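This report refers to the structure that appears directly beneath it.
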Amino acid sequence: MTTPRLTATAVSKRFPGVVALDGVTLTLAPGEVLAVVGENGAGKSTLMKILAGVYQPDEGTVELDGRPVRFAGPAEATAAGVVLIHQELNLAENLTVADNLFLGREETTGGWLRVLGRRGMAARAAELLARVGLPADRVTRLVETLPPGEKQLVEIARALGTAVRVLIMDEPTSSLTQKETERLYAVIDSLRTVGVSVLYISHRLAEVKRCADRVTVLRDGKNAGELPKERVTHDNMVRLMVGRDMKQFYPKVHRTGTGGRSVLALDAVRYRNGPDTPVSLEVRAGEILGMAGLVGAGRTELAEAVFGVRHLAAGALALDGRPLAVKSPVDAIAAGVFLVPEDRRLHGLVTAESVGFNLSLPNLDRLRSRFGLHRRAEADLHATWIERLRVKTPSAAQTVGLLSGGNQQKVVYGKWLARGPRVLILDEPTRGVDVGAKAEIYALVDELAGRGVAVWMITSDMEELLGMSDRVVVMHEGRLAGELAGAALTEEAVMRLATGGQAG
Amino acid sequence: MMRILGVLGLLVALYGGLVGTYVQNAPGFEPTSRTQERIQGNLIDVASIQGRYGVITLGAAMVIITGGIDLSIGAVVGCAAVLFGVLTQNGVHPFAALPLVVLAGAGVGFGNGLLITRLKLQPFLVTLCGMFVYRGAARLLAGSVSRTATVEAQPEFAASLQMIRYVLIGKDASGELLFPAQFVLLLVLAAVIGFFLHRTAYGRYWYAIGHNELAAKYAGVSVDRQRVWVYVVCSALAALAGVLLFLDMPSIQADSGGQYLELYAILGAVLGGCSLRGGEGTAVGMVLGAMVLPVLENLVNIRGLKSDLIPAVIGLTLLAGTILDEFIRRRSRARH
Amino acid sequence: MMRILGVLGLLVALYGGLVGTYVQNAPGFEPTSRTQERIQGNLIDVASIQGRYGVITLGAAMVIITGGIDLSIGAVVGCAAVLFGVLTQNGVHPFAALPLVVLAGAGVGFGNGLLITRLKLQPFLVTLCGMFVYRGAARLLAGSVSRTATVEAQPEFAASLQMIRYVLIGKDASGELLFPAQFVLLLVLAAVIGFFLHRTAYGRYWYAIGHNELAAKYAGVSVDRQRVWVYVVCSALAALAGVLLFLDMPSIQADSGGQYLELYAILGAVLGGCSLRGGEGTAVGMVLGAMVLPVLENLVNIRGLKSDLIPAVIGLTLLAGTILDEFIRRRSRARH
Amino acid sequence: KDSGKPKIAVVTNCTDPFWDLAEAGANKAAQDFDVELTFRQPERMAAEVQKPIIDAWVNQGFNGIAVSVIDPKGQTEDLRLVAKKVTLVTMDNDAPDSGRVCYVGVDNKEAGRAVGRLIKKVLPNGGTLALFIGSTTSANGQARPAGVLEELATPEANGTPGKHPQRPELSGKFYGKYFLVDGEPKTDNGEKEKAASNVQAMLSRVDGVPDLCFAGLYAYNPPAILEAVRAKSLVGKVKIVGFDENPETLKAIADGHIEGTVVQDPYNYGYKSVEILAAEARGDTKKRVSGSAPYQVITREGGPTQDINNLRIQFPKAADYLTTMRDQLKIINK
Ligand SMILES: Nc1ncnc2c1ncn2[C@@H]1O[C@H](COP(=O)(O)OP(=O)(O)OP(=O)(O)O)[C@@H](O)[C@H]1O
Ligand SMILES: Nc1ncnc2c1ncn2[C@@H]1O[C@H](COP(=O)(O)OP(=O)(O)OP(=O)(O)O)[C@@H](O)[C@H]1O
Ligand SMILES: [Mg+2]
Ligand SMILES: [Mg+2]
């Protein structure tokens, strides 16, 4: 038997009030693709950060090629060939793509002067981008002008630019669509053939099935089991992760399906600095309207325009048949139109504040009493929604930014559900959310739709799109490319529209 | 909570030093009761100044909590003092001049706020320009103002001026300081602001804006309106402090009245636990933070340090306090 | 690119106003060549001051690019000037004193940097305390210093001092200003710093740190070391400016030498396109930004404005420039 | 530990080398008369900075305090309260109704007149004048320019607005035969660099005008004027008249680059104040002085003592005065 590329033995890590990892063990062979799955907060990211030198373990050892290592920081790990792509984007957005690709390991001349070899880096940058499927003109673009999906690809390209021997990807596909994900599989396959080991974290179990050689499952910071390639099935993974079987993953219990009355209508809407093509669509009561499109198709921007973050340049909105004027989110929220944003940490949560603070924030006007805020009512609200959404947190006073990604997402839902939506715009509703929580969220959304809430779900997750939508509209380069429902709603049809083709 | 321990420790040390100096320097023949009396008189003087500092610190701290900064505070204090003097000297009754000046201060804050929110200018820059502008406005209004000059020009205001002075400063007609009314005022204002910060929706909005303006916006907070409000309150408090300065000080020079107060106010806020990154700070902390510099200056005065030593001593003490504070916070975080 | 247009417009307007004032005020009998000569003489005077402002602006801007701030610049300038005076007066050769003082400045920056990176203190607070401390250090060193006092104490240094003065300031032995050497120095330093900012890996690190410190850290940038470096450079430049001040001014008082310069330096950096949020700014912009205030003050002086009007006019002009800048940027963004 | 000696304190109006001389004198007197001395130069010239210092001393039970008043009218009431509790002496600037036991210092307006006389001597046939000063909000900042202009324009001291005869673009005011550019002193708020750039801009404006005189009325102004004049190579062409005894000024007078300066003898302010307060603390009221002290006029060559407006005015040589000053400063090592 060859020495494993990487082993972690009995690794533990504690944070104030939380045991994130408790004696976790993991091995990774050269050229192997190992998927790590687990519920939100199971400790996946923490384990990866320990492997990559971001954290030091409280107990346990990490060995690389049989030799014990203790990286003092990410730079040391990278130098040893262990590269981590973080769950959250970590780019210097004020610099160009090329600058980011080589940040910290620039090609330089002139000794200590470290003069940038810009020509050489530009050429290599173009190669790296080509490997992840990005066009060469991105090389000189500022990262802040790229849509989130492309930023994620830049992160991956950056990792490929190093002498990587162990590539750790923490939910690399959460902001990627099908097409880019396929591209990523190809990259992974090519890495595997040259002997690079890959650690792959994802909540999209179909992906895991597609590309993993082996699956390790974490639960509550402990090893919950391992599945060899032939035993990697959706149900097996779920059973190990959650500890029980799960039925009815994409429920359609409460919904009436298409054909309800129109709740939110967009009539030839254009927004400032947006595409020239007007968009018209309707979201109806009792249905979930899915919206598909490639990265950067303009779905997020359209949703933001309806929510009042972007200014309408033309067209009109109507709610329940009455005109709706939205100048800012204040108006949208007053009308009952809520947005669960794509970028949770930037737009969804005040991460430095507590769970309770965030749950209360849009509901404060209802908690008002004569002497400021009605504290009892507020505490009730916190307790109610933490419990109903099963948010895994020590208390309502816990800082939201310290929760795992999925639990953070639940808090975002909680703050809107507490207010009672009429229209719920979900932009990537389950990004970074584990299977269990996903099922809970789907059930919740189904129930809301059944109660007459219009649900507009923007998603890049094909499984979710097909599983949950009653009707799907597809966007391509800022315009509506077509609508699909019933039997016409297939993966192929969606992809064809999304890439600019005609509906079948 | 932990944010307060550092500044509390610093204050205890400073007050200890103060009392120690008195006891140590008391003439041998002096009865203890007399020493106590002198200490008390001195503490009242200090409290009086702390009160005025505190008023502007509250404003600065509110701005800082929302992630902004206001460098025009000192100039607004000076300008407000001069404005109050000029108004009363020209026949505006003090009872009317006081709200007028505070209103003018609010107007200044409104202007700052609009420039920052509508035109999206950087607060540092806007209020730095404001610092020049309001200082200039003060100089255009008058060279210097004083109660004496006002009473000379409008003898019939003497009684009303004295009344305001008694209520706001705590000085009797002879100018004797009877009680630190400014500190009482600070406590009242801090209670009001503390109520808003910690017990109402507005406070939540301010913290949210300071931490993450976008998230606040996406949660339906009218970010711009709240920010403007905060600047309005800050400048109105600065204007109020200007009136206090006028009433308390023998004379105000337009070119230097209130100078540096913005730095002291910001310092007070930061010592009291506000982070300049926004989103942090408590009303209690603000009051404690504002108390530091006046005690420190007083300690330096009564110890009769050489003038040349003073800035270094003040700087090093503040630095030591800051470091102490940081260590206490780290401890508490580690133990948590 | 667009960041520069606003300040460029402002400068063009100010220089236009300056030349216009001369032409308009030229006596009828004066030959044009004589008017030109006078304009030129004045522009040299202005450039000389711009040069010195620029030196500290470069430092302030570098700190700002990495997302920090340095309020101790003015105090370091004053302290360095005094130190240079005291050293030379006590027999240290000017050629040795110059590097020594710059080194001392670097040491100050090193201290600031360590406090900020190791103890994780807020830059605003550390450098505000520094402002007191270094001002105090200057006062402890001496009351005031001057070239004359140095030459009197060490007559053998007269020639070397004059040589340094000629090279760095451009003044001949009689004190006549022959050419704006300080501006030349600024251009040289700006070229060096521009090279580092825009052409080397270090510059990339500074921008990255300013925008997203964590991203830089994860990319393997030794964030703390880079930040310390930047503070070192900033304070070393301030110390150099202190020596320039010593050489250019008749005498420097420890209590006031270099006062307010930190604000002017920050203003220059921001006008030149640095954002106080970090991660933005260009070397060309810094130079242009530093040029604004001296021309503006000169224009105001040349037009013979009443002294009391001057601060208000300066404040409003800067504000107008800032607003103009913002509009140009918005335009360019919309068109993009 | 408490020494049992009388405790005397002196507070000035700001920090300045001028006050170092006073501090030297005060220290000497403290030795001579065996008292404990606290001498304080506050950070900037503002009553709001000075007041808390005085209050702290009063509470600390000092026996006597000497104050350089900033705004006599405004501060009188406050000082009256101080005078009730401790012995008060005013120096440098007086507040006559404050209840102080006496005033040590010159009459700033009288001293300003002496500057006016120097200007007249330099430009006997009239000419163009520019005045530079830190600020005009304090008592001395008002009295000095007023004295200068009164001397030049007696009896019509308010000046007549007008344009410069040869350079109509320069507006200002006429005081007798003298034209004051802009009709007011140019202020710099104590910022030394601004003091320099003020002069520089003025030089550029009056370039080519004959019979020029620049007068600097705060201690740092004359050297700032000289530096700017040198930078334009105009030494001798622009006459400079000063105030106070900045060493740079004195040296320039000795070199013939500045015409003369009017000095107040701050060493004696410090010495005298402490002497009086020490005596008062021991119940001796005989040391009190009355009236204002004589100023001195320093020129390169010096001159015989004269009686002017009931004051005995000395005219020492610059070089001699400089030497005296150095000796005085030795006591505080500056
Ligand atoms: N810096 C931290 N401070 C405190 N608690 C933390 C910190 N980082 C992680 N945690 C906690 O440790 C636990 C494990 O978190 P981790 O991010 O590793 O989970 P995860 O498996 O990656 O979840 P997800 O799938 O949601 O990303 C969680 O309970 C989380 O709240
Ligand atoms: N090919 C592209 N190159 C650069 N920018 C693009 C490209 N396509 C779209 N964008 C930009 O992306 C933004 C639209 O992205 P938006 O986030 O609304 O799309 P999305 O469909 O939600 O995609 P994502 O899956 O990335 O969220 C616009 O600002 C647009 O200018
Ligand atoms: Mg994770
Ligand atoms: Mg999107």
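Proteins get letters first, then strands, A, B, ... in listed order; numbering begins at 1 in each. Quick caveat: nothing in here was measured; it's all calculated off a predicted structure.
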Checking side-chain contact (heavy atoms from CB on, under 4.5 Å) against B:L128, which of C:L319, C:L263, C:I266, C:L318 comes through?
C:L263
Pick from C:G136, C:P311, C:A137, C:G130: which one has the most heavy-atom pairs with chain B under 4.5 Å?
C:P311
Nearest heavy-atom pair of C:E326 and B:L121: which atoms, and what distance?
CB-CD2, 3.6 Å
Who in residues 268-281 of chain B is close to chain C, using a strict under-4.5 Å heavy-atom cut-off?
B:V270, B:C274, B:S275, B:L276, B:R277
Which residue out of B:V313, B:L316, B:L267, B:L125 racks up the most heavy-atom pairs below 4.5 Å with chain C?
B:L125
Residues of residues 252-262 of chain C contacting chain B, heavy-atom criterion under 4.5 Å, by residue number:
C:Q259, C:Y260
Checking B:L141 against chain C: side chain, backbone, both or neither under 4.5 Å from a heavy atom?
neither
All pairs passing side-chain hydrogen bond (donor to acceptor under 3.5 Å, both in side chains) where residues 304-324 of chain C contributes a residue, at least two apart:
B:R139-C:D308, C:K306-D:E184, C:S307-D:E184
If one checks every heavy atom of B:F327 against chain C at 4.5 Å, the contacting part turns out to be side chain
B:Y264 meets the ring-ring contact (aromatic ring centres under 6.0 Å, His included) criterion, sequence neighbours left out, with B:Y53
Would you give the length of the straight line joining atom CZ of B:F132 to atom CG of C:L296, rounded to the nearest 0.5 angstrom?
9.0 Å
